[in-house]
Protein chains: 2
Amino acid sequence: MVKKENLKPDIVSVAKLAGVSVATVSRVMNHPDLVQPSTRKKVEQAIRKCGYIRNRAAQTIHGRRSATIGLVVPTLAYTIFAELVQAFNDTVTDSGFTLLLASHGYDLAAEYQLVRKLLEHRVDALALIGLDHGQDTYRVLREQGVPVLAIWNYAANSEISCIGVDNAEAGRLAANHLLMLGHRSIGTVFPALEDNDRARARKSSAMDRFMSLDAELRPEWQRQTPYSIAEAKVACLDLLDRAERPTALLCGNDVIAQGAIFSALRLGLSVPRDVSIIGIGDFAGSAELEPGLTTVRIPANRIGTAAARQLIKAVDNAADGALLGTRFECELVMRGTTITARPG
Amino acid sequence: MVKKENLKPDIVSVAKLAGVSVATVSRVMNHPDLVQPSTRKKVEQAIRKCGYIRNRAAQTIHGRRSATIGLVVPTLAYTIFAELVQAFNDTVTDSGFTLLLASHGYDLAAEYQLVRKLLEHRVDALALIGLDHGQDTYRVLREQGVPVLAIWNYAANSEISCIGVDNAEAGRLAANHLLMLGHRSIGTVFPALEDNDRARARKSSAMDRFMSLDAELRPEWQRQTPYSIAEAKVACLDLLDRAERPTALLCGNDVIAQGAIFSALRLGLSVPRDVSIIGIGDFAGSAELEPGLTTVRIPANRIGTAAARQLIKAVDNAADGALLGTRFECELVMRGTTITARPG
DNA sequence: AATAGTGATGCAAATGTTTTCATGATAAAT
DNA sequence: ATTTATCATGAAAACATTTGCATCACTATT
C-alpha cells in the first residue's frame with residue numbers, strides 16, 4: 001500500500017523528495033539567503049517536480065503574516081472607485097499581497113460585518129473609503145490593532161490615518177467656478193448625505209459659497225439621487241424640464257454629472273449654452289465626453305497607489321502605528337460643460 | 001504576573017471565560033445546533049465580552065474550507081467588468097465567502113502567477129474570465145482540483161466549466177444588424193485579439209457576416225485599440241476624419257463604442273445620421289447616452305450571480321466535479337446610434 | 001594542533017482551530 | 001429498577017507551517 005502518494009503535496013513531501021528537512025524547505029521560501037545555493041536549487045526543483053503550492057494559511061496561523069490586504073468600498077458600480085481599486089490592487093499585488101475586496105452598498109452596518117470578516121481572515125492591513133464608519137467598526141479596528149487607512153477624504157482631525165483630498169475644498173472649487181462664471185441660479189444633485197462624509201463635505205461647502213453670494217437655490221432645483229447615471233438622468237429630466245431652470249448644475253460626482261448632461265441633451269437643451277454642468281471626481285472617460293466634462297479632479301490613481309504603499313509600509317514596520325494624514329490637492333479642470341452665465 | 005492577558009483572545013481564552021471546552025466554542029461557531037441553547041448563550045456572551053474574532057486561517061489549515069473565492073479579471077477599468085464583479089461579489093458575500101480579487105491587465109503570464117497566489121491562499125473556488133488561459137494555468141488548476149469556472153464566454157468544447165454568452169453569436173447579431181440596415185461600408189474597432197477569446201469570437205464571426213455580403217472593409221477602417229475610451233476616441237478620430245468614411249462602425253465593446261461616439265461628435269459628425277455605431281456589452285450607462293447606444297446585451301448581472309451560485313454549489317458538493325456549460329442568450333438592443341444606411 | 005568562530009541544516013515546539021472518539025448524564029423503554 | 005438510546009460535552013490528535021535552539025562540519029586564528 002502506497003502511503004497517500006495521491007494526496008496534495010505538502011512541505012514534508014517536498015522535503016523528502018529533496019532530501020532535506022522541512023525547515024530548509026520553509027527557509028527556501030521565506031529566507032532564501034539563509035540556505036546554500038546548491039540546496040536551494042535542489043529544493044526548488046523538488047517543489048516544481050511535485051507541483052507543490054505552499055499553504056499561506058499555515059503561515060498565517062503561525063502569526064507571521066497573511067499576505068493579504070483588505071479593501072472595503074461602498075460600491076463597484078460605474079467608474080466611481082474603479083481607478084482607485086485598480087491602482088490599489090496593482091500596488092499591493094506588486095508587493096506580493098493579495099487583495100480581499102468587499103463592497104457594502106453605502107450601508108455602514110453591512111460595512112461592519114465585512115470588516116469583521118476581513119479581520120477573521122487576518123488581513124495584514126485594511127483600507128476603507130472615507131471617514132464615516134460605525135462606532136462598532138472603529139472599536140473593532142482599535143481592538144485588533146491592524147493597520148488601517150481611510151481613503152478618499154482627508155480630514156485633519158480623523159481618528160484613523162487618512163489619505164485623500166479635502167472634499168470640502170473640492171466642493172468649494174466647483175462652487176466658486178460656477179459663481180465666477182456669473183451663475184446665480186443654481187441646482188445641485190447629490191446622493192444621500194448621511195453616512196457619506198465625502199458627499200456631505202462637498203455639498204455643504206458648496207452651499208456655503210452659494211449662499212454667501214446670495215445665489216438663488218430654489219428647492220425644486222436641489223435633488224437627491226444615488227450615484228447612478230440612470231437615476232441621475234431621471235432626476236435631472238424632472239429638474240430641467242420646467243419653465244424656470246437654474247443656469248448651472250453642480251453634481252455630487254461625475255456619474256451624476258453624466259446623467260445630468262444626457263438629461264439635458266434629451267430635453268433638447270444645449271450644454272453648456274442652456275445649462276452649465278460641473279461634476280466632481282474626473283473619472284475615467286469624463287475628459288472624453290463631448291463636450292468634455294468640467295469637473296474637480298481627484299487624483300484617484302495617485303491616491304490608490306499611495307494608500308497601498310502606506311499600508312504596506314505599516315505592515316512591515318508593525319508596532320509603529322503612527323497616525324498619518326496625507327492630503328492630495330484637488331484641482332478644477334475646466335472643459336466644455338460650463339460657460340459664462342447669460343446676463344440675467 | 002498575569003499570563004498574557006493583553007494578547008489577542010483566542011478560542012482557548014473564550015473557552016476559559018465561558019467555562020467550557022474549546023471544542024464547544026468551536027461548535028458554537030460551526031454547528032450551533034449541536035450545542036445546548038444555554039451553553040451557546042454563555043459562549044456567545046464570552047465571545048462578545050473579550051472581543052474574540054475567529055481565525056479563519058486555523059480553520060483553513062485544518063482542511064475544512066477557507067471561506068474565500070477567487071476572481072481573476074483582466075481589468076477593473078471602466079465598467080467593463082464592474083457589473084459582473086459586483087454581482088459576483090454580492091452573491092458570494094451573501095453566502096459567507098470573501099472575495100479574493102486579482103486583475104492581470106490582459107496578460108496571461110501574469111494571470112498564471114495570480115492564480116497560483118490565490119491557490120496558495122487555498123480559495124475554495126476560482127473564477128476566471130473567458131477561455132484563453134495559459135497551459136500552465138490549466139495544468140495547475142487540474143492538479144489542484146479546485147472548483148473552477150470560466151465566466152463571460154460560452155463554448156461547448158471548453159475543458160473547464162464555463163458560463164456566459166456565445167461571443168460569436170454576439171458578433172453575429174451586431175454585424176447582422178448593421179447589414180440589415182443596409183450598411184456595406186464598415187469599420188471595426190477591436191482590441192488585440194490574441195489571448196482574448198471573447199474579442200476574437202466577436203470579431204471573426206462579425207467579419208464572416210460582412211464578407212458573406214461583400215461589404216467593403218477597407219483596411220484603414222479596421223482599427224485596433226485597447227478597451228479605453230480615451231484611446232478608442234483617438235483611434236476613431238483618425239478613422240473618421242477622412243474623405244471616405246465607412247457608414248457604420250462595429251466596436252469591440254461599449255467602452256470602445258463610447259470613444260467612437262465622442263470622436264464622431266468631436267468631428268462635428270452626427271450619430272447616427274453620418275455614421276452608425278454599435279457596441280457590444282450593454283454596460284451600465286450605455287442606455288443613458290444620448291442617443292442611446294445600440295448594442296448587444298450581455299446580461300452581466302445574471303451571469304455574475306449565476307456564476308457565483310454555481311461555484312458555491314460546487315464547493316458544497318465537493319468531489320462532484322462535473323463539467324458544466326451554461327449559456328446565456330445575448331440580445332440586440334436597438335437604440336439611437338444606428339440607422340438605415342443612406343442609399344449608395 | 002587546539003580552539004574559537006561561522007554558516008548551513010535539522011529537531012521539535014508552537015500556532016489556533018476542527019473533529020473523532022470517548023465519556024457521562026439524562027431520558028425512554030422494558 | 002435495570003437496560004438501552006440519545007444527547008451534550010470534553011480530551012486530544014491532526015492540520016501545514018515557521019522559527020528558536022542545537023548540532024555539526026568547516027575555516028580561521030593562535
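It should be emphasised that the depicted structure is a prediction, and the values quoted were computed from it without experimental measurement. Lettering follows sequence order; numbering is per chain, from 1.
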Legend entry - Toward the 5' end of DNA chain D, by each residue's nearest nucleotide, I61(B) or G19(B): G19(B)
For [Y], is there any backbone N or O sitting under 3.5 Å from a side-chain donor or acceptor partner on [X]?
X	Y	answer
D124(B)	S66(B)	yes
S161(B)	L324(B)	yes
H104(A)	Y106(A)	yes
T305(B)	R302(B)	no

Inset, instruction - Rounded to 10°, tell me the angle between the two end axes of the helix from dA1(C)-dT30(D) to dT30(C)-dA1(D), each built from five pairs. - result: 40°
Extract all donor-acceptor atom pairs below 3.5 Å that involve side chains of residues 127-135 of chain A and protein atoms in other chains or at least two apart in sequence.
residue, atom, partner, partner atom, Å
D132(A), OD1, R200(A), NH2, 3.1
D132(A), OD2, N196(A), N, 3.1
D132(A), OD2, D197(A), N, 3.2
D132(A), OD2, R200(A), NH1, 2.7
D132(A), OD2, R200(A), NH2, 3.1
H133(A), ND1, E111(A), OE1, 2.8
H133(A), ND1, E111(A), OE2, 3.0
H133(A), NE2, G130(A), O, 2.5

Considering residues at least two apart in sequence or located in another chain, which fulfil the side chain to side chain donor-acceptor pair (under 3.5 Å) criterion with [X]?
X	answer
R27(B)	none
S26(B)	N30(B)
Y112(B)	R116(B)
T60(A)	none

With a 3.5 Å cut-off and sequence neighbours excluded, list the donor-acceptor pairs that the side chains of residues 34-46 of chain A form with protein atoms.
residue, atom, partner, partner atom, Å
T39(A), OG1, Q36(A), O, 2.9
R40(A), NH1, P32(A), O, 3.2

Length of the [atom1]-[atom2] vector between [X] and [N], whole Å:
X	N	atom1	atom2	answer
L119(B)	dA16(D)	CG	P	16 Å
K16(A)	dT17(D)	NZ	P	13 Å
I47(A)	dA16(D)	CD1	C1'	14 Å
R122(B)	dG16(C)	CZ	P	20 Å
D10(A)	dT17(D)	CG	C1'	10 Å

Legend entry - Member of I47(A), T24(A), V20(A) meeting the side-chain contact (heavy atoms from CB on, under 4.5 Å) criterion with V14(A): I47(A)
Inset, instruction - Sequence neighbours left out, what passes side-chain contact (heavy atoms from CB on, under 4.5 Å) with E194(B)? Give chain and number order. - result: none
Legend entry - Of residues 33-46 of chain B, the positions that come close to DNA chain D - non-hydrogen atoms, cut-off under 4.0 Å: V35(B), Q36(B), T39(B)
Inset, instruction - Within residues 52-60 of chain B, find the residues that approach DNA chain C with a heavy atom at under 4.0 Å, and present them sorted by residue number. - result: Y52(B), R54(B), N55(B), A58(B), Q59(B)
Inset, instruction - Can you check each nucleotide of nucleotides 19-27 of chain C against protein heavy atoms at under 4.0 Å and return B for base, S for sugar-phosphate only, - for none, in 5' to 3' order? - result: BB-------
In residues 76-102 of chain B, what donor-acceptor pairs under 3.5 Å come from side-chain atoms, sequence neighbours left out?
residue, atom, partner, partner atom, Å
Y78(B), OH, I229(B), N, 3.2
E83(B), OE1, A284(B), N, 3.3
E83(B), OE2, N301(B), ND2, 3.0
Q86(B), OE1, S103(A), OG, 3.1
Q86(B), NE2, T75(A), OG1, 3.2
N89(B), OD1, T93(B), OG1, 3.4
T91(B), OG1, A87(B), O, 2.8
T93(B), OG1, N89(B), O, 2.7
T98(B), OG1, H121(A), NE2, 3.3

Inset, instruction - Quick one: label V20(B) by what it contacts on the DNA or RNA (base, sugar-phosphate, nothing), any heavy atom closer than 4.0 Å. - result: sugar-phosphate
